[in-house]
Amino acid sequence: MSKKKPKKKVVDVLGRMPKKTEGQLNVYYHVAENSGVGFYRQYLPAKVLRDLDIQNATISDFRFGKGDHASMDMDTLFEVAMWADLIVVGRHDKGDYYAQWGGIREFFNMPIVMDTDDNVQHVRPSNPGYTGYHPGSEALMWNKHAVGKVFDAITVSTENLIEVYKEDNPKIYHLPNNIDVKEWEKHPIKKFDDGKIRVGFIGSSAHTEGIKIVKPPLKRILEEHSNVILFMTHVYRSHFEDWPKELKDRIEWIPWLELETWPKELRALGLDISLAPLADNMFNRGKSNLRWMEYSACKWATVASDVEPYRCINNGKDGILVKERNEWYEAIDSLVKDEKLRYNIGENAFERISKDFDIRNNCKKWDAVYKEIHKKYHDFFGKKKVFKKVKKGKYKQLA
């Protein structure tokens, strides 16, 4: 006699499927990018909202950048939609992806929200993403169509992105990036006592323009201060091949750091001064202050470009804002020479992010936004439809 197959459960990497609680929304977060974007925009808010018992949040398969997602079959997708009051979908600019969510919206009469973290309409040619998001590309066409015609509301990480997308969809909400300070505090901050000053930039391969900004002042800093060591993400090694050997020998190349252990590995670098260069263009104006937040979680003194994402910095107190090449040199030079200044800026920055940018303090805003979207939708379109499955691919409407 064959054993009964266990019933398939909804994909949920946070544990059991939460039961309905009076006054709480059932919100399903669908991660589109198994990367830092998916982590900060879907996984982290869902996890914290659930941990704090504010929202019945569940989330699709997420693997911290390790391997591909496990895709959902139609039965699982149906179960998700039956359970959820609202679905949050990460941006993924493909026709079949958006058709799936548009179909669920129409079938169940329920609100579907798209979250986006970038101004994809203005991706720079130096950015690896330009291959998919160049003018006239299919991805840009689907993005514009989805924002305006598929989703009931859009959530974005910055005020700038509201301006970018509001023409296509006026129902747009600002949910800023945050970090989980509690998680960062679990890991020790590395301190060295060898007389060396460690200056560094940690970022993806999309920051070629930023590297060009800081390269000349950094060369001068290393020439004038023999105790300075430069830490640089390994993908930019080729950009420093024209430096003299004695300077190149003082560059420590940072390998790929795993997303799952990112706070631990970043704090273990032991930097004294961190750099956040950003060219002023339409794409970068849509970026968030996340790099400064992560640096500040390590208590590093940050020098940042005086551009829109970093103007949250209190200049001279919890970071230093600079524009011109000579200002980059002067800011880094002052921090190299002044240990107390480095310490004060690092401590102030950590205190600031703990107060203003901790997801545990701010996650109620996410819940409030989704409750507003949910209420407005059903006030206008009526109740959600309820079904039961009668056989494979066939469903009966109950209400």
Side-chain angles (χ1 to χ4, degrees), residues 24-50 52 54-60 62 80 84-93 97-98 100-102 104-105 110-121 142-180 283 285-290 293 308-309 312 356-378 380:
Q24 291 189 3
L25 281 182
N26 285 350
V27 180
Y28 170 68
Y29 294 78
H30 188 86
V31 177
E33 289 190 45
N34 191 18
S35 64
V37 174
F39 175 80
Y40 280 113
R41 298 307 299 170
Q42 280 92 52
Y43 180 86
L44 185 59
K47 181 179 185 303
V48 173
L49 281 162
R50 183 150 153 187
L52 297 180
I54 294 169
Q55 184 184 94
N56 282 325
T58 191
I59 195 165
S60 61
F62 184 68
V80 165
D85 297 314
L86 179 142
I87 293 176
V88 179
V89 176
R91 178 185 57 77
H92 184 54
D93 297 314
Y97 180 78
Y98 290 138
Q100 170 182 280
W101 298 114
I104 288 174
R105 177 193 184 276
M110 65 183 298
I112 314 286
V113 178
M114 184 176 87
D115 181 82
T116 185
D117 193 37
D118 276 313
N119 178 357
V120 296
Q121 302 293 332
W142 283 120
N143 177 263
K144 192 170 181 65
H145 175 80
V147 170
K149 299 184 183 298
V150 176
F151 294 96
D152 301 291
I154 310 297
T155 54
V156 295
S157 54
T158 70
E159 294 281 1
N160 177 274
L161 292 177
I162 291 179
E163 298 304 311
V164 171
Y165 291 107
K166 72 179 183 181
E167 183 179 338
D168 292 317
N169 192 329
K171 293 173 288 185
I172 189 163
Y173 297 83
H174 178 209
L175 293 175
N177 283 329
N178 285 252
I179 66 170
D180 186 357
F283 179 74
R285 288 173 197 168
K287 285 187 167 293
S288 77
N289 59 351
L290 186 56
M293 285 193 281
E308 193 164 340
C312 62
D356 294 341
F357 300 101
D358 186 351
I359 188 67
R360 293 179 183 274
N361 297 335
N362 299 331
C363 64
K364 286 183 180 179
K365 180 176 181 180
W366 294 69
D367 189 52
V369 163
Y370 296 142
K371 282 179 176 174
E372 179 180 329
I373 294 169
H374 179 263
K375 182 179 185 305
K376 286 183 175 179
Y377 180 92
H378 288 297
F380 189 83

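Between the side chains of Asn177 and Arg41, at least one donor N or O lies within less than 3.5 Å of an accepting N or O. A donor-acceptor pair shorter than 3.5 Å can be found between the side chains of Tyr98 and Asp93. A side-chain N or O of Tyr173 and one of Glu372 form a donor-acceptor pair less than 3.5 Å apart. In this structure, a donor-acceptor pair under 3.5 Å is absent between the side chains of Gln55 and Asn26.
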I would like to know whether Val369 and Ile373 meet side-chain contact (heavy atoms from CB on, under 4.5 Å); could you show each step before the answer?
-> CA-CA 6 Å; Val369 163; Ile373 294 169; 3.8 Å; yes
Go through Phe151 and Val147 one step at a time and tell me if the side-chain contact (heavy atoms from CB on, under 4.5 Å) criterion holds.
-> CA-CA 6 Å; Phe151 294 96; Val147 170; over 6 Å; no
What's the verdict on side-chain contact (heavy atoms from CB on, under 4.5 Å) for Tyr29 and Leu49, showing C-alpha distance, side-chain angles and the deciding distance?
-> CA-CA 12 Å; Tyr29 294 78; Leu49 281 162; 3.3 Å; yes
Walk me through it: do Leu175 and Val156 pass the test side-chain contact (heavy atoms from CB on, under 4.5 Å)?
-> CA-CA 6 Å; Leu175 293 175; Val156 295; over 6 Å; no
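To the nearest 0.5 Å, atom CG of residue Asp168 and atom NZ of residue Lys149 are 9.0 Å apart. Rounding to the nearest 0.5 Å gives a distance of 9.0 Å between CG of Asp180 and OH of Tyr40. Rounded to the nearest 0.5 angstrom, Glu167 CD and Ile172 CD1 are separated by 11.5 Å. Within the model, atoms CD1 of Ile359 and NZ of Lys365 stand 11.0 Å from one another, a figure rounded to the nearest 0.5 Å. The OG atom of Ser35 lies 6.5 Å from the CZ atom of Phe62; values are rounded to the nearest 0.5 Å. If you take OG1 on Thr155 and CZ on Arg91, they are separated by 12.0 Å, rounding to the nearest 0.5 Å.
When all heavy atoms of Val48 and Arg360 are compared, the pair lying nearest together is CG1-CG, 3.9 Å. Asp356 approaches Asn362 most closely through the heavy-atom pair O-ND2, 3.0 Å. Summarising the geometry of Gln42 relative to Gly90, their closest heavy-atom pair is NE2-CA, 3.8 Å, with the distance given to 0.1 Å. A pairwise comparison of heavy atoms in Asn289 and Pro309 identifies CB-O, 3.2 Å as the closest pair. A pairwise comparison of heavy atoms in Tyr28 and His30 identifies OH-ND1, 2.9 Å as the closest pair. Across all non-hydrogen atoms, the minimal contact from Glu33 to Val31 is O-CG1, 3.1 Å.
Here the side chains of Ile154 and Thr116 are in contact, with some heavy-atom distance below 4.5 Å. Taking the side chain as every heavy atom from C-beta outward, Thr158 and Lys287 never approach each other to under 4.5 Å. By the 4.5 Å heavy-atom criterion applied to side chains, Met110 and Ile87 are counted as neighbours. Side-chain contact check for Asn119 versus Arg285: every heavy-atom pair is 4.5 Å or farther apart. Using a 4.5 Å cut-off on side-chain heavy atoms (C-beta onward), Val150 and His145 make contact.
Ring orientation note: the planes of His92 and Tyr97 are nearly perpendicular, at an angle over 60° on the 30°/60° scale.
When the options Asp115, Ile112, Val113 are evaluated for a side-chain contact (heavy atoms from CB on, under 4.5 Å) with Val89, the one that passes is Ile112.
No donor-acceptor pair under 3.5 Å is formed between the side chain of His174 and the backbone N or O of Ile162. Using a distance-only test at 3.5 Å, with no hydrogens or angles considered, a donor-acceptor pair links the side chain of Lys171 to the main chain of Asp152. A donor-acceptor pair under 3.5 Å is formed between the side chain of Arg50 and the backbone N or O of Ala57. A donor-acceptor contact shorter than 3.5 Å is absent between the side chain of Asp85 and the backbone of Val27. For the pair Asp118 (side chain) and Val120 (backbone), a donor-acceptor distance under 3.5 Å is absent.
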